[in-house]
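What follows is a short report on a single structure.
Atom set for the values below is all heavy atoms of this structure, side chains included, hydrogens, waters and symmetry mates excluded. Chain identifiers are assigned alphabetically (A, B, ...) following the order of the sequence lines, protein sequences preceding nucleic acid strands; residue numbering begins at 1 within each chain.
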Amino acid sequence: MDFLSGLNEQQRVAVTETEGPLLILAGAGSGKTRVIVHRIAYIIAERGVAPYHILAVTFTNKAAGEMRERVGRLLADQRLQSAPLISTFHSLCVRILRRDIERLEEGHTRSFTIYDQDDSTRIVKAAIKDLGLDSERMGARQVQSAISHAKNSGTDADAYAARIEYGDEKRAAIARVYRLYEERLVNNNALDFDDLMIKAVRLLRKNKEVRDYYNDKFRYILVDEYQDTNSLQFALIRFLTERQQNICVVGDESQSIYRWRGADISNILNFEQHYPDAKEIKLEQNYRSTQNILDTADHVIKRNTERKDKKLWTSNPAGERIRYYQAFDAEGEARFVASKVEEHRRLDPSIRAAVLYRTNAQSRVFEEAMRRANIAYNIVGGFSFYERAEVRDIISYLKLAMNPHDSIAFMRVINTPPRGLGKQTLDELDRRAKDYGVSLWETLAIVTDPTQETRGFAARAASSLKNFQRVITNLVSVAQREPASEVVKAAILDSGYADALKSENTEEAEGRLENLQELVNAAVDYDREEGGGLRDFIDAAALVSDTDQYKRDAPVTLMTVHSAKGLEFPLVFMVGLEDGLFPHSRSATDPAELEEERRLCYVAITRAERFLYVTHAMKRRVYGEELASEPSQFLNEMPFDLMEDLSRGPSWLSFARSSDRLENAHAARALRGQTGGSTRTEKPYEGKTYNSADSIAEFFRQRGQQVNPRPAAGSSPPPVIKRRADAGGKSSSTVAPSAGDAGFTPGTHVRHAKYGRGLVLRREGTGDAAKLTISFPGFGQKKLIEKYAGLEKA
DNA sequence: GAACTTGCTGAATTG
DNA sequence: CAGCAAGTTC
């Protein structure tokens, strides 16, 4: 078989340069996966390397699965004894740790359990409570992310505590939670997601034997999506390439969108410094998108400064123009998308579409619109199968079957289904466990020991405890002799879970039973295909990710832009292109984060093969209240001459096209300033203006609604957009503070000395304390105290 | 002890 | 408008 046919010049080089460090800069749609797959096949078939000497690492199971499949197909006729290891970072670490974690001597044994996000949050929550810190208004999630952040940057609980500034109560509190959290993980013989990476790296650092083992095993290493690696993943790769340097990394810094998770873009930007003999190959031919789509993407991403210089090109036709639509509200946006999907599918019934949004919260209206239009859709993210309560419950039983000392699992199911064990009993059990300093499981044994007295427990509670103990003991023994699927069945039946659901006799319970049947099926499949035993089945369940829900053949897929990375669709809808949403308001303050948002935008655009729609709504419900929204600055960064306006009536785009450039001198300066003041030869700013007040007015007029974008002082007709209901709180007379108030109501355009023209989105508080949230094109959203802001009407 | 009601606070992106 | 914690009722 010829592994090079059908590849272009650069791709060929990327496949055949098998020795030494290699950096492949692969632009969007440039055939990256193809290259990786062929390269693996080439190393095996042409260089005669045994498959088990090859390791390919990805970030998602989905990517790993696809790679495995394609490599398998390429090598189908080779009759190989082994397979290359194609794995995610996380499962690679699990593998390493299951083998040797005991050599770390940090208290974990190789039968450790993996705690997912939800489990960790529970521990954090419990820790906060047990430390009596509840009062300090600390959200468990917040604390957890602080801990996670610390862990990932190599700061352990002691180091974290050592850096408490005097008077920093918050950090002091977090430090205590952090310590307790870590202690409990060890006590439960559990690792969280962060630990998987951390401990694996620490193990390799500490133990030369382990390091040698893997250096000998993996002689060729490939890393996919290298721009998303963080410092730990970098360290892991460094340890694995200690002896040999056959490291090939593939990535695209323009698609780095995980900075917030610790991804370090300099890993890819400085690859040549890390591996001095590195060669570099650029894949610049795009096979995916039309010229117009590519031009649009390029036009946007050009404003970023942190990037390697490369220019994607394509021999594809120019294609259709980008289609723009300004919707009245989120529902209108969704209706538009659904109707366009229908239209496209009428012309081409097999066309696949994606609706890409910035936040998961946006998905709901689209789901509804699709359902109403009777379009089959698949949604990625949100509640996945393995996140459903009933599935997690049964998994907890399975975890107990492997390790009854797992307190989180224990607490989760001791009264699920209800066994008459309430707070009293469980608190008592918990108290004793802490007293004795043993796990809940051991405590249970002590408490139910017939030679002891079950003092402090009601007779009914005591018998329930014994019952639960019996259930788990039985499961443990089933797990020792039966395959995973049998343990799953036993967990569902013996626990009384199935009976409890049956007796509920509701449709919801029916659905849950079906989900559990589904879990049994998954386990049966697992036994047949992987045969790795219950342990691996649970591990796999813990490591499934949202993006693994993607179904290639769904007619329409709804997902976040993040989840869409690596995918492609003939028809793409980018929705919610609004200031504060995309780019997200949380990234407005930091130029580096704004650049990341722009890369995210670039990722979204480049998912499209043939048709790209960009939409935004003029108002949207956030927190159940209506907020006005301005078009995204990214829309402004797209080349208008490649866009076609499908809006009904005048739109932001039509105004932007016709407006003069003076109006936006501020915005132009801001845009240039924010992108690092680059001195590109390209014309700086094309003088398009945000001027949607008029178009909003027009829209409302068309719908016969009242609108008042420029309220006359003194008499304010009801504003279009509702003010947040007394968000200020305490004031006793909270009735219509905006009336008679000379202040600016949401929907008003104002002018600010520094930021120029902007739209008031929201008003909080009254009188002198009034705080305004204003969207300034080019500057994003600002919160200003009205009294000091020196605003004028615009 | 369990099911229900009220009141509050708080959402970005993910393995 | 959520989802969750605390409070209330059976």
Side-chain angles (χ1 to χ4, degrees), chain A residues 57-64 87-94 114-118 120-122 125 129 134 137-142 145 148 152 191-197 225 228-230 232-233 256-263 330 356-365 380-384 386-387 415-427 458 460-461 464 500 504 539-549 559-565 576 580-588 593 596-597 599-601 603-604 620-626 725 727 729:
Chain A
V57 200
T58 66
F59 277 86
T60 66
N61 296 311
K62 182 188 71 193
S87 159
T88 63
F89 272 105
H90 288 269
S91 35
L92 172 65
C93 290
V94 171
I114 302 167
Y115 279 175
D116 62 22
Q117 184 92 37
D118 187 69
S120 312
T121 311
R122 279 160 189 266
K125 216 177 266 177
K129 203 169 153 199
D134 230 344
R137 69 186 201 291
M138 301 200 306
R141 265 194 81 93
Q142 210 186 113
S145 89
S148 168
N152 279 314
L191 300 177
D192 64 17
F193 276 142
D194 299 326
D195 284 334
L196 296 179
M197 288 301 311
E225 306 281 15
D228 288 332
T229 50
N230 63 23
L232 284 166
Q233 284 145 356
S256 160
I257 53 176
Y258 287 106
R259 200 180 92 102
W260 52 277
R261 219 173 67 189
L356 307 182
Y357 35 77
R358 179 65 238 272
T359 68
N360 278 308
Q362 289 165 258
S363 68
R364 223 166 78 175
V365 275
V380 177
F383 256 14
S384 84
Y386 286 98
E387 281 170 315
N415 197 37
T416 327
R419 295 189 175 83
L421 294 166
K423 196 166 154 25
Q424 296 258 310
T425 313
L426 299 185
D427 281 354
R460 229 180 70 187
S464 285
E504 263 189 57
D539 283 353
L543 295 175
V544 274
S545 70
D546 283 354
T547 49
D548 297 329
Q549 296 169 53
M559 62 185 147
T560 63
V561 181
H562 281 93
S563 313
K565 199 177 65 164
L581 188 60
F582 193 1
H584 199 273
S585 52
R586 294 265 244 263
S587 60
E593 283 190 34
E596 173 141 322
E597 293 284 311
R599 290 193 294 268
L600 196 55
C601 182
V603 168
R620 179 177 294 280
R621 296 178 86 80
V622 183
Y623 277 112
E625 67 174 326
E626 302 250 280

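Using a 30° and 60° split on the angle between ring planes, A:H562 and A:W260 fall in the perpendicular class, above 60°.
Under the rule for a side-chain hydrogen bond (donor to acceptor under 3.5 Å, both in side chains), A:N415 has no partner lying at least two apart in sequence or in another chain.
Considering only side-chain N and O atoms, A:S563 lies under 4.0 angstrom from the phosphate OP1 or OP2 of B:dT14. Taking only side-chain nitrogens and oxygens, A:R586 never comes nearer than 4.0 Å to OP1 or OP2 of B:dA11. Between A:R261 and B:dT14 there is no side-chain polar atom (N or O) within less than 4.0 angstrom of OP1 or OP2. OP1 and OP2 of B:dG15 both lie 4.0 Å or more from every side-chain N or O belonging to A:N230. The shortest distance between the side-chain N/O atoms of A:N360 and the OP1/OP2 oxygens of B:dA12 is not below 4.0 Å. Close to B:dA12, at under 4.0 Å from its OP1 or OP2, lies no side-chain N or O of A:T359. For A:K125, a side-chain nitrogen or oxygen approaches OP1 or OP2 of C:dA5 to under 4.0 Å. OP1 or OP2 of B:dT14 has at least one side-chain nitrogen or oxygen of A:T560 nearer than 4.0 Å.
Summarising the geometry, the separation between CG on A:D194 and C1' on B:dT14 is reported as 11 Å, rounded to the nearest angstrom. Whole-Å rounding puts the A:Y623 OH to C:dC1 C1' distance at 11 Å. Taking atom CZ of A:R358 as the reference point, atom C1' of B:dA11 lies 12 Å away to the nearest angstrom. If you take CD of A:E625 and P of B:dA11, they are 16 Å apart, rounded to a whole angstrom. Rounded to whole angstrom, the span from the CG atom of A:L581 across to the P atom of B:dT13 amounts to 11 Å. Rounded to whole Å, atom C1' of B:dT13 lies 12 Å from atom CG of A:D228. The CD atom of A:Q424 sits 14 Å away from the C1' atom of B:dA2 (whole-angstrom rounding). Straight-line distance from the NZ atom of A:K423 to the P atom of B:dG1: 11 Å, rounded to whole Å.
If you check every strand for non-hydrogen atoms under 4.0 Å, A:R364 touches sugar and phosphate atoms only. Here A:N415 lies in heavy-atom contact (under 4.0 Å) with sugar-phosphate atoms only. A:E596 comes within contact range of no nucleotide atom at all, as no heavy-atom separation falls under 4.0 Å. Across all strands, A:Q362 comes closer than 4.0 Å to no nucleic acid atom at all (heavy-atom distances).
Put simply, the side chain of A:F582 reaches to within 4.5 Å of the side chain of A:L600, judged on heavy atoms. Taking the side chain as every heavy atom from C-beta outward, A:R620 and A:E626 never approach each other to under 4.5 Å. The side-chain heavy atoms of A:L543 and A:F193, taken from C-beta on, include a pair separated by under 4.5 Å. No side-chain heavy atom of A:I114 sits under 4.5 Å from any side-chain heavy atom of A:L191.
For A:L543 and A:S587, each mapped to the nucleotide of DNA chain B holding its nearest heavy atom, the one lying further toward the 5' end belongs to A:S587. The 5' end of DNA chain B is approached more closely, in terms of each residue's nearest nucleotide, by A:E593 than by the other of A:F193 and A:E593.
Both thresholds, 5.5 Å between centres and 30° between ring planes, are not jointly met by A:H90 relative to the base of B:dG15, so the two rings are not stacked. Here A:Y258 does not lie in a stacked arrangement on the base of B:dT13, lacking the combination of planes under 30° and ring centres under 5.5 Å apart.
C:dC4 and B:dT13 have their P atoms separated by 16 Å, with the value rounded to a whole Å.
The closest side-chain donor-acceptor pair between A:Q117 and A:S120, if any, does not fall under 3.5 angstrom.
Side-chain proximity of A:P418 to B:dT13, B:dG15, B:dA2: nearest is B:dA2. Listed nucleotides B:dT13, B:dA12, B:dG15 differ in distance to A:T60; the shortest reach to its side chain belongs to B:dG15.
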